[in-house]
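This report refers to the structure that appears directly beneath it.
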Amino acid sequence: MASKPGLLQVIQSVLASAFGVQSHKNYQKDFSQPDVKVYITVGVVFVILFVLSLIALVQFILP
């Protein structure tokens with residue numbers, strides 16, 4: 001069994017997957033983890049921050 005990934009590794013993995021540049025090796029490693037809660041949590045936080053940043057950008061550009 002693979003060792004438990006650190007928070008930074010999980011964040012890097014989620015960002016790489018979100019932008020479509022995740023390597024197949026890392027993809028396989030991520031899916032071999034027994035606990036996916038941390039990946040789901042980081043993914044949800046990323047999506048929320050991404051949407052909020054888009055809203056803020058639109059509010060900044062449009063009067």
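- Hydrophobic side-chain contacts under 4.5 Å tie L49 into a cluster, directly or through other members, with V45.
- Not counting sequence neighbours, the partners of F31 by the ring pair (Phe, Tyr, Trp, His ring centres under 6.0 Å) test are Y27.
- Chaining together hydrophobic side chains whose heavy atoms lie under 4.5 Å apart places L52 alongside V36, I40, V44, I48.
- Within the structure, side-chain hydrogen bond (donor to acceptor under 3.5 Å, both in side chains) pairs that include any residue of residues 35-50 comprise D30-Y39 (at least two apart or interchain).
- By the side-chain contact (heavy atoms from CB on, under 4.5 Å) test, A18 pairs with F46, sequence neighbours left out.
- Across all non-hydrogen atoms, the minimal contact from P5 to V10 is CG-CG2, 4.0 Å.
- A distance of 12.0 Å separates NZ of K4 from CD of Q9, quoted to the nearest 0.5 Å.
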Could you give the side-chain donor-acceptor pairs of residues 54-63 under 3.5 Å, partners two or more places apart or in another chain?
none

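- Atom NZ of K29 is separated from atom NE2 of H24 by 13.5 Å, given to the nearest 0.5 angstrom.
- Taken together through direct or relayed side-chain contacts under 4.5 Å among Ile, Leu, Val, Met, Phe, Trp and Tyr, V47 and V21 form parts of separate hydrophobic clusters.
- For the side chain to side chain donor-acceptor pair (under 3.5 Å) test, no residue two or more places apart in sequence or in another chain qualifies with S53.
- The backbone N or O of K25 lies less than 3.5 Å from no partner atom in the side chain of Q28, so there is not a single donor-acceptor pair.
- In terms of heavy-atom proximity, L7 sits nearest to V42 at CD1-CG2, 4.1 Å.
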